[in-house]
S.K.: 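I have a structure here, written as structure tokens, and I will follow up with some questions on it.
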Amino acid sequence: MAVPLAAVLACMGAALLLLWNPGLRDTADLVSMRGAWAGAAGAGSIAGRLHDLARLLHAGAGAMAVLSVTPLLSACFAARRRSAQDPLTRMTARTVIVTAMALVIPVGLVGLGFVSMAYLDVGYPTGPLGKAMVGGFLVPPIMALVLALPMTAADSTAFGAEVRRMGQVLATAAVCNTLAWVPVAILLVMGRENVWWSFVGTVTTGALVSVWMAALVARSAIKRGRTVMGQLSPA
């Protein structure tokens, strides 16, 4: 029996959050995190550049995921205003809009958590390395929440183009999320003499779950878009 996509994404999102806290924020891992950064920082300014690059890529992935809903929501609001629109399209548009409103709070809270920990020094002190990697634990859940919109909009072929476009943007966000782990890995290698292997294992597990979850979101959105566009194609 196939496992529902929502259940898979929920489990992966919960795993990421637990890997971050309490996973990487217990005393031993915090010591390793700071030790790894100290070792990497000893190599000079390259550590700072890698840190900034990781944060930028994660921030870009999160921003793309959130902004990807704009064309779809615009189309839904327009469909709601057209009295000549068929009932299914109008009902789908209403459902998408209501879903988007329901997602504002959870997406906003996760996004605020990322910004506050990565840029504003709010929360438990994880140091520069923690700031560089925290996006990898929070951006995929944002993508998963946003995925609810194209999956719902695909019930009507009128939104096929918007669903496909959103899938393409989410795919780009998944690539950025994956690339963001590269500078994190380099920083860990540079500071490897100051870390526990358990810490490396936790980070590696988090990176794999993060990349897999983002890729699953993008793949699901693209597949849904292709299905809808296929229904528009002549038989």
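All values below were derived from every heavy atom in this structure, side-chain atoms included, with hydrogens, water molecules and symmetry-related copies excluded. What you see is a predicted model, and the numbers here were worked out from it, not measured in a lab.
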S.K.: With the side chain counted from C-beta on, respond yes when Val69 and Leu103 share a heavy-atom pair under 4.5 Å apart, and no when they do not.
M.R.: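 They are not in contact (no side-chain heavy atoms under 4.5 Å apart), so the answer is no.
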S.K.: Evaluate the side-chain proximity of Leu16 to Pro140: yes if any heavy-atom separation is below 4.5 Å, no if none is.
M.R.: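 Yes, their side chains come closer than 4.5 Å.
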S.K.: Mind listing the closest non-hydrogen atom pair of Ala132 and Val184 along with its distance?
M.R.: O-CG2, 3.8 Å
S.K.: Show, in sequence, the C-alpha distance, side-chain angles and deciding distance for Leu19 and Val203, and conclude whether the side chain to side chain contact (heavy atoms under 4.5 Å, CB included) test is met.
M.R.: CA-CA 8 Å; Leu19 282 168; Val203 174; over 6 Å; no
S.K.: By the rule that ILVMFWY residues connect when side-chain heavy atoms come within less than 4.5 angstrom, directly or transitively, which residues belong alongside Val175?
M.R.: Leu53, Leu57, Leu179
S.K.: Quick check against the 3.5 Å criterion: does Thr157 have a side-chain atom that pairs as donor or acceptor with the backbone of Val228?
M.R.: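 Checking the backbone N and O of Val228 against the side chain of Thr157, no donor-acceptor pair under 3.5 Å is found.
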S.K.: According to a hydrophobic-cluster definition based on side-chain heavy atoms being under 4.5 Å apart (Ile, Leu, Val, Met, Phe, Trp, Tyr only), do Phe77 and Met101 belong together?
M.R.: yes
S.K.: What side-chain hydrogen bond (donor to acceptor under 3.5 Å, both in side chains) pairs are there with at least one residue in residues 127-149, not counting sequence neighbours?
M.R.: Asp121-Lys131
S.K.: State plainly whether one hydrophobic cluster holds both Leu56 and Val169, where clusters connect Ile, Leu, Val, Met, Phe, Trp and Tyr through side-chain heavy atoms under 4.5 angstrom apart.
M.R.: no
S.K.: Between Pro150 and Leu147, which heavy-atom pair has the shortest distance, and what is it?
M.R.: CD-O, 3.1 Å
S.K.: Using every non-hydrogen atom in the two residues, find where Ala218 and Ala171 come nearest and quote the distance to one decimal.
M.R.: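 That would be CB-CA, 3.5 Å.
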S.K.: Any side-chain donor paired with an acceptor under 3.5 Å for Ser210 and Asn177?
M.R.: yes
S.K.: Would Ile186 and Trp197 show up in the same hydrophobic cluster when neighbours are defined by side-chain heavy atoms closer than 4.5 Å?
M.R.: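 In one cluster with Ile186: Trp197, yes.
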S.K.: For the residue pair Thr95 / Thr152, report whether a side-chain donor-acceptor contact shorter than 3.5 Å exists.
M.R.: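 The criterion, which ignores hydrogens and geometry beyond distance, is not satisfied for Thr95 and Thr152.
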S.K.: Between Phe199 and Val31, is the side chain to side chain contact (heavy atoms under 4.5 Å, CB included) condition met? List the steps.
M.R.: CA-CA 10 Å; Phe199 169 75; Val31 171; over 6 Å; no
S.K.: Run the ring-ring contact (aromatic ring centres under 6.0 Å, His included) check on Trp181 and Phe137 step by step: do they pass?
M.R.: CA-CA 11 Å; Trp181 282 103; Phe137 294 88; 5.6 Å; yes
S.K.: Decide yes or no for Arg164 and Gln168: does some side-chain heavy atom of the first lie under 4.5 Å from some side-chain heavy atom of the second?
M.R.: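 In contact.
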S.K.: Show the nearest heavy-atom pair for residues Ala221 and Gly167, with the distance to one decimal.
M.R.: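 For Ala221 versus Gly167, the nearest heavy atoms are CB-CA, 3.6 Å.
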S.K.: Quick one, Phe114 and Ile142 - any side-chain contact, counting heavy atoms below 4.5 Å?
M.R.: no
S.K.: Which is it for Leu216 and Met12 under the side chain to side chain contact (heavy atoms under 4.5 Å, CB included) test, yes or no, and what are the steps along the way?
M.R.: CA-CA 10 Å; Leu216 181 59; Met12 296 177 79; 4.2 Å; yes
S.K.: Step through the shown structure and confirm whether more than 12 heavy atoms of other residues, nucleotides or ligands are within 6.0 Å of CG on Leu5.
M.R.: yes
S.K.: Looking at CG of Leu187 and CG of Leu50, how far apart are the two atoms once the value is rounded to the nearest 0.5 Å?
M.R.: 5.0 Å
S.K.: With rounding to the nearest 0.5 angstrom, report the CE to CE distance, Met143 to Met64.
M.R.: 8.5 Å
S.K.: Supply the atom-to-atom distance Met33 CE to Thr202 OG1, rounded to the nearest 0.5 angstrom.
M.R.: 9.5 Å
S.K.: Do Val139 and Leu67 sit in the same hydrophobic cluster, where Ile, Leu, Val, Met, Phe, Trp and Tyr count as joined when their side-chain heavy atoms come under 4.5 Å apart?
M.R.: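 Per the 4.5 Å side-chain linkage, Val139 and Leu67 are not co-clustered.
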S.K.: Write down the atom of Glu162, the atom of Pro71, and the distance for their closest heavy-atom approach.
M.R.: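 Taking Glu162 first and Pro71 second, the nearest heavy atoms are CG-O, 3.7 Å.
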S.K.: Determine whether a donor-acceptor pair (N or O, by modelled atom type, separation under 3.5 Å) exists between the side chain of Arg224 and the backbone of Ala154.
M.R.: no
S.K.: Looking at every non-hydrogen atom in both residues, tell me the closest pair between Met190 and Ala40 and how far apart they are.
M.R.: CE-O, 3.4 Å
S.K.: Flag yes if Val110 and Leu18 sit in one hydrophobic cluster, no otherwise; membership is Ile, Leu, Val, Met, Phe, Trp, Tyr, and two members link when side-chain heavy atoms are under 4.5 Å apart.
M.R.: no
S.K.: From Asp86 CG over to Thr92 OG1, what is the distance, rounded to the nearest 0.5 angstrom?
M.R.: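 Going from the CG atom of Asp86 to the OG1 atom of Thr92 covers 8.0 Å.
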S.K.: Are Leu138 and Met117 close enough that some pair of their side-chain heavy atoms sits under 4.5 Å apart?
M.R.: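 The answer is yes; the side chains approach within 4.5 Å.
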S.K.: Give a yes or no on this: more than 12 heavy atoms of other residues, nucleotides or ligands lie within 6.0 Å of atom CG of Leu120.
M.R.: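 Check passes, neighbour count above 12.
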S.K.: Looking at Val189, is its backbone amide N or carbonyl O close enough to the side chain of Arg192 to form a donor-acceptor pair, meaning the two atoms are under 3.5 Å apart?
M.R.: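 Indeed, once roles are kept as given, a pair shorter than 3.5 Å links the two residues.
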S.K.: To the nearest 0.5 Å, tell me how far Leu9 CG sits from Leu145 CG.
M.R.: 9.5 Å
S.K.: Can you tell whether the side chains of Arg55 and Asp52 come within less than 4.0 Å, N to carboxylate O?
M.R.: yes
S.K.: Between Met151 and Val163, is the side chain to side chain contact (heavy atoms under 4.5 Å, CB included) condition met? List the steps.
M.R.: CA-CA 8 Å; Met151 300 299 278; Val163 171; over 6 Å; no
S.K.: Looking at CG of Leu188 and CH2 of Trp37, how far apart are the two atoms once the value is rounded to the nearest 0.5 Å?
M.R.: 11.5 Å
S.K.: Only one of Thr89, Val96, Leu149 passes side-chain contact (heavy atoms from CB on, under 4.5 Å) with Phe159; say which it is.
M.R.: Thr89
S.K.: Do the side chains of Leu17 and Asn21 get nearer than 4.5 Å, heavy atoms only?
M.R.: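 Asn21 vs Leu17: side chains apart.
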